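Here the structure is laid out as structure tokens; the discussion comes afterwards.
Values below: every heavy atom of this structure, side chains too, minus hydrogens, waters and symmetry copies. Both ligands and their constituent atoms are indexed starting at 1 by order of listing. Each residue takes its place number in the sequence, starting with 1. Keep in mind the model is a prediction, meaning the values are calculated, not measured.
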Amino acid sequence: MRVDYIIVGLGLAGIAFAEELNKQKKSYVVFEDNSQNSSLVAGGMYNPVVLKRFTSVWNAKEQLEIALPFYKELEKKFNSTYCHKVDIYRIFKTVEEQNNWFLACDKTMLQDFMIPKIIKNNNKSINAPFNFGKLINTGRIDVKKMVSDYRDLLINNNVFKHKKFLYNNIEFFDDHIVYNKIRSEKIIFCEGFGLKENPFFNYLPMREAKGELLTIYAPNLKANFLIKAAVFVLPIGADMYKVGATFNWKDKTKTPTNEGKEELIIKLNTFINCEYKIIDHTAGIRPTIIDRRPLVGVHKKYKQLVILNGLGTRGVMIAPLMAKKLFQNIENKIPLDKEISINRFD
Ligand SMILES: Cc1cc2nc3c(=O)[nH]c(=O)nc-3n(C[C@H](O)[C@H](O)[C@H](O)COP(=O)(O)OP(=O)(O)OC[C@H]3O[C@@H](n4cnc5c(N)ncnc54)[C@H](O)[C@@H]3O)c2cc1C
């Protein structure tokens, strides 16, 4: 078999890069071993405002300009729905926070998203004595469904290998590699936290953060917006909500824990007072980098090896733009911005 690219990992990063290759009529094969699941468990929210401090997310405008059409295109391609508009209601904790909200609303970058009003809480199931700040033009991507559709397509096209990629089996030649009889120009590693096992790139400083989420059934909550307080409560339809997420920098497993569940319940109960039933509990590891920026670029010594990782807590917004920049860099030699290039860690 002869291809232009091998992609290792079919999460948000792998799909974003595969789509670039489709557009440019490049051939590829994907290896995926289900060892990580960040994209599968993600809340899938996109939101350009940091809800703790009411500041703009790094590079948010440029990311959204690429990301939203990207997901719309995939909806068309698969004749499916992945994009759901969801407003965000941030519960104010104090009057000072209300004041800070109005100050932030004046910033040009945030004007399209932050409503300069205090939204009164009329929902008896929510405790919000200081009421809400409302964000619009935000939403959720059904990443799990999208990954599943994409995987099925690759299987149909005979370009999906449900196998662990074994780094030691790469044979290097001047301008290509051979891996288990597949000749390829390049390998793009999109392994998320799997990076830690990659001997070519695991020198890069990933500071992964495990996250746990609950799915609850709460028929009396009746919220068609995301509620953000100590945790978020995200409506996913049929009176179900995702509640999350924890941050744990010590536990490196993707196993849901009792501690994680307890933490989420305690935080949820501080602002929700209706009954609910826990339906599901999941966990995954966010591929976060020490400086909270993506990892993009070509290996210094082995030019056939390339990385697309470090999507951190915001893979939905970041992945499509990073895939585009990486492709332009590899194929058209357009330099990568310093803050995303892996060269910053040389
Ligand atoms: C609880 C939680 C909530 C989140 N909520 C949001 C959110 O609301 N919005 C948002 O934008 N982001 C969110 N994120 C972050 C988001 O999930 C990540 O940024 C993104 O999914 C990372 O995508 P990825 O493709 O880099 O990694 P992954 O999704 O982990 O994909 C990597 C893939 O590579 C495969 N792989 C690894 N090594 C190998 C190998 N050797 N051989 C074969 N396959 C391999 C893995 O099996 C995996 O499928 C959340 C994350 C968590 C954990």
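- Closest to atom 19 (O) of ligand 1 among all protein heavy atoms lies Gly312 O, 2.7 Å.
- When heavy-atom distances to ligand 1 are checked against a 4.0 Å cut-off, Lys163 comes that close only through its backbone atoms N, CA, C and O.
- If you check which protein heavy atom lies closest to atom 47 (O) of ligand 1, you get Glu32 OE2, 2.5 Å.
- Listed by chain and number, the residues in a side-chain hydrogen bond (donor to acceptor under 3.5 Å, both in side chains) with Asp346 are Lys300 (sequence neighbours excluded).
- Of all atoms in ligand 1, listed by their number and element, those nearer than 4.0 Å to a heavy atom of Val316 are 10 (C), 11 (O).
- Here Thr313 has backbone heavy atoms under 4.0 Å from ligand 1, and that is the only part of it that gets that close.
- Ligand-side atoms of ligand 1 in range of Met45: 7 (C), 8 (O), 9 (N), 10 (C), 11 (O), range being under 4.0 angstrom from any heavy atom.
- Remark: ligand 1 and Ile285 share no N or O pair separated by less than 3.5 Å (distance only, no angle test).
- Every N/O-N/O distance between Leu10 and ligand 1 stays at or above 3.5 Å.
- Contacts of Cys190 with ligand 1, taken as heavy-atom pairs under 4.0 Å, involve the backbone alone.
- Looking at Leu12 next to ligand 1, an N or O pair under 3.5 Å apart turns up.
- At most 12 heavy atoms of other shown residues, nucleotides or ligands fall within 6.0 angstrom of atom CZ in Arg207.
- In terms of protein heavy-atom proximity, atom 17 (O) of ligand 1 is closest to Ser38 OG, 3.0 Å.
- Here Lys325 pairs with Asp337 in a salt bridge; the nearest charged N to carboxylate O distance falls below 4.0 Å.
- Under the 4.0 Å criterion applied to side-chain N and carboxylate O atoms, Glu339 and Arg344 are not assigned as salt-bridge partners.
- For Arg90 and Glu97, the salt-bridge test passes: some basic side-chain N is under 4.0 Å from an acidic carboxylate O.
- The shortest N/O to N/O separation between Leu213 and ligand 1 does not fall below 3.5 Å.
- Counting the atoms of ligand 1 from 1 in the order shown, those under 4.0 Å from a heavy atom of Gly9 are 33 (C), 34 (O), 35 (C).
- Ring pair Phe225/Tyr89: centre-to-centre distance below 6.0 Å.
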Quick one, Tyr179 with Phe31, criterion ring-ring contact (aromatic ring centres under 6.0 Å, His included). Give me CA distance, side-chain angles, the key distance, then yes/no.
CA-CA 11 Å; Tyr179 178 81; Phe31 281 79; 5.2 Å; yes

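- Only the side chain of Tyr167 comes within 4.0 Å of ligand 1, judged by heavy-atom distances.
- Aromatic pair Phe17/Tyr5: ring centres closer than 6.0 Å.
- For ligand 1, the atoms closer than 4.0 angstrom to any heavy atom of Gly284 are 53 (C).
- Put simply, part of Phe31 is less than 4.0 Å from ligand 1, judged by heavy atoms.
- Under 4.0 Å is where a charged nitrogen must lie from a carboxylate oxygen, and between Lys222 and Asp239 at least one such pair does.
- Nearest non-hydrogen protein atom to atom 27 (O) of ligand 1 is Gly192 CA, 3.5 Å.
- The pair Glu331-Lys26 meets the salt-bridge criterion, since a charged nitrogen lies less than 4.0 angstrom from a carboxylate oxygen.
- Partners of Asp33 under the side-chain hydrogen bond (donor to acceptor under 3.5 Å, both in side chains) rule, at least two apart in sequence or in another chain, are Ser35.
- Near Asn34, meaning under 4.0 Å from any of its heavy atoms, are these atoms of ligand 1: 47 (O).
- Annotation: Tyr217 is not in aromatic contact with Tyr276 [ring centroid separation under 6.0 Å not met].
- For ligand 1, the polar-atom distance check against Met317 finds no nitrogen or oxygen pair separated by under 3.5 Å.
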